[in-house]
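These notes concern the structure reproduced below.
A quick note: this is a predicted structure, and the numbers were derived from the prediction, not measured. Letters go in sequence order (proteins before strands), and every chain restarts at 1.
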Amino acid sequence: MSLVVALVLLAVALTSAWTVDRALQRARWVEAAPGRALATWHLAAVALGGSVVAVGALLTHDVLEHVMFRVTGVAEAELHRLYAGGLELGPLWSGTAVLVLAGVAAMVFHAARATRTTERSRRRLRELLEGGDVATVDGCDVVPGDTPYAYCIPGGRRGRSRIVVSSSAQRLLGPDELAAVVAHERSHLRRRHHRVVFAAEVFTRTVSPLRILPSYAAQVRRLVELQADDDASRPVGRVPLARALVTMAAPSAATVGLAMAAGSTNERVVRMLRRPEHDRRLSASVVAIAVVVALVPPATLGLPALYLAVGA
Amino acid sequence: MRSFGDLESRLMQILWSARTGLTVQEVIERLETPVAYTTAITVIERLRAKGWLTREKHGRAFRYAATRTESQYAATLMSEALDEVDDRAGALLSFADRLTPDEAQRLREALARLESGER
């Protein structure tokens with residue numbers, strides 16, 4: 001592959017990734033269909049991430065060959081036969097394999113690091129839950145606390161899944177509001193949102209130097225909340241959920257300085273207070289983005305061959 | 001803040017369950033496996049330095065008492081552990097993050113309007 005073609009393909013893949021990132025981040029329809037938005041993000045991550053890596057691999061291979069040609073001055077055809085892979089030298093010699101291995105190594109590194117921090121946090125909280133005076137009320141663990149909070153830890157080898165609510169939250173919330181909180185956390189557990197967030201975070205950290213889908217992880221964190229809100233509002237209603245969100249998130253003397261991720265709570269309440277929208281154009285727009293996203297990898301990789309075929 | 005060590009925790013349990021302040025000697029008498037006086041006083045004074053105990057002169061000896069209840073201690077540990085969690089990779093999914101005072105005010109007004117309109 002010529003260097004120019006490889007560069008053009010890389011530019012196409014990166015531009016598509018950048019465009020999809022911006023479009024999905026700003027799209028209004030995702031609020032009405034967080035589940036479909038999540039699916040679109042995952043598709044985009046696999047398709048665009050994959051195509052950038054594939055084109056990048058071809059590019060690396062070309063650059064390597066080019067450099068070797070300049071340095072040694074040996075016959076280009078001979079050199080190409082050598083570096084194009086094949087059985088003589090084995091796949092490890094090619095730049096492709098090196099790049100793919102580097103990518104896999106980076107992903108394993110980030111996955112291991114993220115696993116360590118999440119496991120450490122969960123273990124610490126489980127220890128405290130097991131040692132403390134925990135009252136089990138309606139399937140959730142109520143722990144003493146002056147600040148209103150609620151969270152869930154997924155089950156696994158280290159224990160059953162738990163929904164934890166502070167005594168302050170239990171005191172401040174009405175029965176229907178508490179039910180909304182519990183339903184929201186149950187939805188996280190049922191849909192395995194912890195794993196979704198984890199995967200998106202590891203992907204984003206791994207490809208962050210290439211700036212492929214830079215908002216993926218943050219958007220997934222936002223969308224799983226919207227999806228869990230929808231699940232919770234169905235049985236208990238939108239207004240109790242909105243009230244619970246305001247009660248739990250409102251700043252107070254006790255919560256000043258409590259560290260929390262920059263958030264979507266304001267958006268979530270506003271969304272619960274609006275009438276649910278039924279946008280007919282929604283499905284069309286989702287399908288369009290999905291098709292474009294799915295077409296990018298075969299298009300970027302197949303374009304040169306297609307060009308030759310048509311030219312001949 | 002770290003959770004208590006083994007002896008610290010046993011001493012705190014005794015002081016939490018006592019209705020009045022206890023002298024070091026009284027604390028030692030209530031331990032299942034007694035420790036030397038110097039060991040006990042060192043750990044008790046360390047707990048006082050950390051703010052978990054107060055002492056009051058009582059005759060010739062000091063009486064020590066817990067400043068916070070066991071449940072307050074558990075609550076502090078839990079909320080500090082939560083503060084330390086890096087949740088970007090989904091360690092636990094928190095129900096809500098913080099609203100600014102402005103946002104909270106506007107949302108409360110919107111909720112109030114909605115509820116008065118419904119009636």
Side-chain angles (χ1 to χ4, degrees), chain A residues 114-115 117-119 121-122 124-125 127-129 131-133 143-147 149-154 164 166-167 181 184-185 188 193-198 201-202 217 221 224-225 228 239 242-246 248-251 255 258-266 268-270 273, chain B residues 1-13 16-17 52 66-119:
Chain A
T115 304
T117 55
T118 56
E119 280 300 317
S121 303
R122 287 176 190 167
R124 176 85 181 117
L125 290 168
E127 274 169 20
L128 292 173
L129 287 171
D133 54 354
V143 298
D146 300 333
T147 52
Y149 59 78
Y151 62 87
C152 59
I153 314 179
V164 181
S166 70
S167 56
V181 173
H184 175 100
E185 297 301 323
H188 280 323
H193 278 158
H194 298 79
R195 289 188 196 176
V196 178
V197 169
F198 180 87
E201 180 66 22
V202 169
R221 280 195 290 271
V224 295
E225 296 304 330
V239 174
R243 275 201 310 260
L245 277 166
V246 174
M248 298 285 276
T255 57
L258 197 71
M260 287 280 177
S264 52
T265 305
N266 189 58
R268 286 165 61 194
V269 180
V270 170
L273 295 182
Chain B
M1 183 181 85
R2 290 179 52 80
S3 35
F4 291 138
D6 179 45
L7 183 56
E8 282 182 328
S9 157
R10 281 181 350 210
L11 296 178
M12 285 305 294
Q13 288 300 339
W16 272 322
S17 52
W52 286 102
T67 52
R68 278 170 278 179
T69 65
E70 187 170 9
S71 137
Q72 281 171 327
Y73 167 67
T76 315
L77 277 185
M78 181 65 90
S79 79
E80 288 191 359
L82 277 177
D83 275 353
E84 284 163 19
V85 170
D86 172 1
D87 208 11
R88 285 174 305 167
L92 38 106
L93 296 173
S94 227
F95 177 67
D97 41 45
R98 295 280 147 234
L99 292 166
T100 66
D102 273 2
E103 287 171 338
Q105 184 57 32
R106 269 187 287 110
L107 294 174
R108 280 208 185 94
E109 284 165 13
L111 269 167
R113 269 199 308 277
L114 190 82
E115 283 174 356
S116 64
E118 272 176 356
R119 272 168 217 142

Side chain, backbone, both or neither: which part of [X] has a non-hydrogen atom closer than 4.5 Å to chain B?
X	value
A:E225	side chain
A:R243	both
A:V143	side chain
A:R195	neither
A:A244	both

- request: Could you pull out the closest heavy-atom pair between B:R98 and A:A250, with the gap in Å?
  value: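 Smallest heavy-atom distance, with atoms named: NH1-O, 3.8 Å.
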Among [options], which residue forms the greatest number of heavy-atom pairs with chain A at distances under 4.5 Å?
options	value
B:A89, B:P101, B:A81	B:A89
B:E103, B:R106, B:R88, B:Q105	B:R88
B:V85, B:L107, B:T100	B:L107

- request: Anything under 30° is parallel, anything over 60° is perpendicular, the rest tilted; go ahead and classify B:W52 against B:Y73.
  value: perpendicular
- prompt: Quick one: of A:A242, A:G145, A:A150, who has the most non-hydrogen atom pairs under 4.5 Å with chain B?
  reply: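 Top option by heavy-atom pairs under 4.5 Å: A:A150.
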query: Step by step, would you call B:E84 with A:R124 a salt bridge (charged side-chain N to carboxylate O under 4.0 Å, His left out)?
result: CA-CA 10 Å; B:E84 284 163 19; A:R124 176 85 181 117; 5.5 Å; no
task: Verify, without hydrogens or angle tests, whether A:H184 (side chain) and B:A96 (backbone) share a donor-acceptor contact under 3.5 angstrom.
output: no
query: From B:L7 CG over to B:M12 CE, what is the distance, rounded to the nearest 0.5 angstrom?
result: 12.0 Å
